[in-house]
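One structure is given below, encoded as structure tokens.
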Amino acid sequence: MKRTKIVHLLKSEHPVDRVLVKGWVRTRRDSKSLSFIEVNDGSCLRGLQIIADNTLNNYESIAKLSTGSAIAISGKLIESHGSGQKWEVVADKIDIISIAPETYPLQKKRHSDEFLRTIAHLRPRTNKYGAAFRIRSELSYAVHRFFRDRGFKYLHSPIITAADCEGAGELFRVTALALDNPPTKDGKIDYSMDFFGTEANLTVSGQLSAEMFALALGDVYTFGPTFRAENSHTSRHVAEFWMVEPEMAFCDLDGNMDLAEELVKNLTAFIIKECAEDLELFARFVDKNLMATLDNIASSEFIRLPYEAAMEILIKSGKKFEHEVAFGNDLQTEHERYLTEHHFKQPVIVYDYPKEIKPFYMRLNDDHKTVGAMDVLVPVIGEIVGGSQREERLDVLEGRMDEMGLSKDAYWWYLDSRRFGSVEHSGFGLGFERLLMLLTGIRNIRDVVPFPRTPNSIEF
RNA sequence: UCCCCAGUAGCUCAGUUGGCAGAGCAAGUGGCUGUUAACCACUAGGUCCGCGGUUCGAGUCCGUGCUGGGGAGCCA
């Protein structure tokens, strides 16, 4: 007989004479002649109550079942006699698949997030993390659905790259050289002897690849892992994370902002609708304002304001900021939070930043002072999307590269795209984990990544 | 990399001015009951993060290291 997942049984509209359920014991309560076993199989947040009568031939073993043990139950799905649940299964037979000894670290009580991080291999078995990772799975499906519905093509951009992408962050070196005895030339490591004949790194962004494909397939997106070796210790940074990067040909900054806003809203609405039960856990135990925040994101028009106007708001606020507010300075975390949490109380898109604080590939505006950059800022998390219209004019792009001291030779293929049929195009990067934090109310990025990689931490 | 906080039972934490190491939950045993974070009683459980110092005496004070957390920077 085929097993039925608990998610389906709990949605049943009528009793079922014979069902087979397999799962893990969450808790057990004994009565005079019965044992109530709550079983969870991961298919949904809720567990199924199993009624084990003491006439079962292995009742003695059943009455000792510990939290975490795996069992298979065959029996009848009936309307519950108790009040806590609609359905329950009266067991005809319970096979004990394996017993979890009393050293099983997860108890039927709340554990701290810090403790659960030390047992990352077991934490998906808890309600909270099970819910978080079910939502993560749904969210990644929703990303693909969103783009496919709009005719975007999915690009697998390379994980290993030679491009020292605009000097953004620290890079993880990829090498096949023997690190204890690498070949050297003039006292330096000779990377011409390495696997690729040159230095190689893990990607920090798929953007440059995506631009090439946008200029061929029109609208594309990448969705894959991204790596930063930055030694940062914050609740918003991990060394390995996933980024969604759409890139659109024949699209200017306005179209870019339109898509970013539509994407964030669409994904939020999707999760509200499709993950209602899991989301409720977060609304109850993690962030009491979660549903209001999500409804606000899904329904409000994002505020759009130029960088200069944002600076004016900050100056006029009269608030004492730790970092100086002045044209030419980047928006600091405290500034972003002031705008999204206090001034507007909703997502804000800031655009047209000073060129000095942005990378070479962003399109120079007619004022020659700002570039067509845009960041989507949300309450608490801060920057969730960063993007720009790309500089499509070869001479301007080369001029910017010279200004910043970048080698045009290394980017010859990138510059080729501006030589042959160059068109205006735009794109952005969305931090997948940061969106997940926003949607669940989880405040630490390590808790929305299955096995997070941070400085000094890669055990699992 | 910088600033701040913490580390005590399996987990969450209390521990007064420096004076015999504590609670709740979990676990074990027994009891009760269509129970539902079940309940009641009992039992067991400790390198007080490591190292060094001050002191008659250190979980407590000082130094140092490690680990974890929060914040900043960088960014997504």
Side-chain angles (χ1 to χ4, degrees), chain A residues 26-39 46-54 64 66-68 78 80-85 88 90 100-119 126-127 165-170 204-207 223 225-245 260 285 321-323 329-334 336-337 357-359 375-378 381-387 428-438 443-449 454-457 459:
Chain A
R26 277 296 172 77
T27 177
R28 207 195 69 247
R29 299 172 288 271
D30 296 326
S31 163
K32 189 171 189 174
S33 56
L34 302 171
S35 192
F36 299 89
I37 308 165
E38 194 184 319
V39 173
R46 296 196 60 177
L48 181 67
Q49 174 158 281
I50 308 296
I51 312 299
D53 192 277
N54 65 1
K64 284 185 186 159
S66 50
T67 300
I78 61 161
S80 179
H81 299 182
S83 59
Q85 56 283 314
E88 64 191 18
V90 178
E102 70 271 6
T103 49
Y104 183 58
L106 292 173
Q107 301 168 0
K108 43 189 177 187
K109 66 164 213 162
R110 241 191 102 131
H111 288 290
S112 67
D113 294 327
E114 291 79 8
F115 171 67
L116 291 170
R117 264 171 235 151
T118 69
I119 49 167
T126 64
N127 287 338
C165 222
E166 89 252 16
E170 301 287 320
V204 292
S205 165
Q207 181 197 318
F223 181 20
T226 309
F227 307 87
R228 305 273 166 93
E230 198 68 39
N231 184 24
S232 44
H233 291 260
T234 81
S235 52
R236 301 184 307 283
H237 292 88
V238 277
E240 178 183 310
F241 62 99
W242 283 57
M243 199 153 52
V244 179
E245 294 180 287
F285 299 116
F321 292 106
E322 213 163 294
H323 299 269
N329 292 0
D330 206 354
L331 286 177
Q332 302 296 327
T333 301
E334 57 176 340
E336 295 174 356
R337 294 190 66 157
I357 58 174
K358 291 293 180 185
D375 287 351
V376 178
L377 311 177
V378 295
I381 315 290
E383 183 181 341
I384 198 164
V385 165
F428 60 83
L430 166 78
F432 185 68
E433 282 81 5
R434 289 193 179 170
L435 179 63
L436 203 48
M437 290 168 73
L438 180 70
R443 294 301 169 91
N444 195 311
I445 196 166
R446 300 172 188 109
D447 297 335
V448 296
V449 178
T454 53
N456 267 320
S457 174
E459 181 152 31

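Order of the sequence lines sets the chain letters (A, B, ...), proteins ahead of strands, with each chain counted from 1. When reading the values below, keep in mind they use all heavy atoms of this one structure, side chains included, and skip hydrogens, waters and symmetry mates.
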Once you apply a heavy-atom cut-off of 4.0 Å, does [X] come out as touching a base, just sugar-phosphate, or nothing?
X      : answer
A:S112 : sugar-phosphate
A:I445 : base
A:L435 : nothing
A:T103 : nothing
A:H323 : sugar-phosphate
A:V238 : base

Hunt down the Watson-Crick or G-U wobble partner of [N], both distances under 3.5 Å, from any strand shown, or write none.
N     : result
B:C74 : none
B:G18 : none
B:C11 : B:G24
B:G45 : none
B:G59 : none
B:C32 : none
B:G50 : B:U64

Atom of A:L377, atom of A:E383 and distance for their closest heavy-atom approach: CD2-CA, 3.8 Å
A:Q85 versus A:S80, closest heavy-atom pair with distance: NE2-OG, 2.9 Å
So, does [X] get its side chain near the phosphate of [N], meaning an N or O under 4.0 Å from OP1 or OP2?
X      : N     : answer
A:T27  : B:A37 : no
A:Q49  : B:U35 : no
A:S31  : B:G34 : yes
A:S235 : B:G71 : yes
A:R29  : B:C32 : no
A:K32  : B:U35 : no
A:R443 : B:G70 : no
A:N444 : B:G70 : yes
A:R236 : B:A72 : yes

Side chain of [X] - closest among [options]:
X      : options             : value
A:F115 : B:A27, B:C75, B:C11 : B:C11
A:E88  : B:G69, B:C75, B:U35 : B:U35
A:D30  : B:U67, B:C75, B:U33 : B:U33
A:S80  : B:G34, B:G73, B:U1  : B:G34
A:R117 : B:U67, B:A27, B:G69 : B:G69
A:D330 : B:U36, B:G69, B:C75 : B:C75

Rounded [atom1] spacing from [N] to [M] in Å:
N     : M     : atom1 : value
B:U1  : B:A37 : C1'   : 44 Å
B:G59 : B:G46 : C1'   : 11 Å
B:A23 : B:U43 : P     : 11 Å
B:A44 : B:A21 : C1'   : 16 Å
B:A9  : B:U16 : C1'   : 22 Å
B:G68 : B:C11 : C1'   : 16 Å
B:C4  : B:G15 : P     : 23 Å
B:C66 : B:C51 : C1'   : 10 Å

Going by modelled atom types, is there a donor-acceptor pair between the base of [N] and the side chain of [X] at under 3.5 Å?
X      : N     : result
A:Q107 : B:G10 : yes
A:Q85  : B:U35 : yes
A:H111 : B:C11 : no

Interatomic distance where CD1 belongs to A:I119 and P belongs to B:G68 [whole Å]: 16 Å
Beyond-backbone contact of A:N127 with A:R26, side-chain heavy atoms, under 4.5 angstrom: yes
Side-chain heavy atoms of A:D447 within contact of A:L116, under 4.5 Å: no
Donor-acceptor contact present, side-chain A:E433 to main-chain A:F241, <3.5 Å: no
Full working for side chain to side chain contact (heavy atoms under 4.5 Å, CB included) between A:R117 and A:N444: CA-CA 11 Å; A:R117 264 171 235 151; A:N444 195 311; 3.5 Å; yes
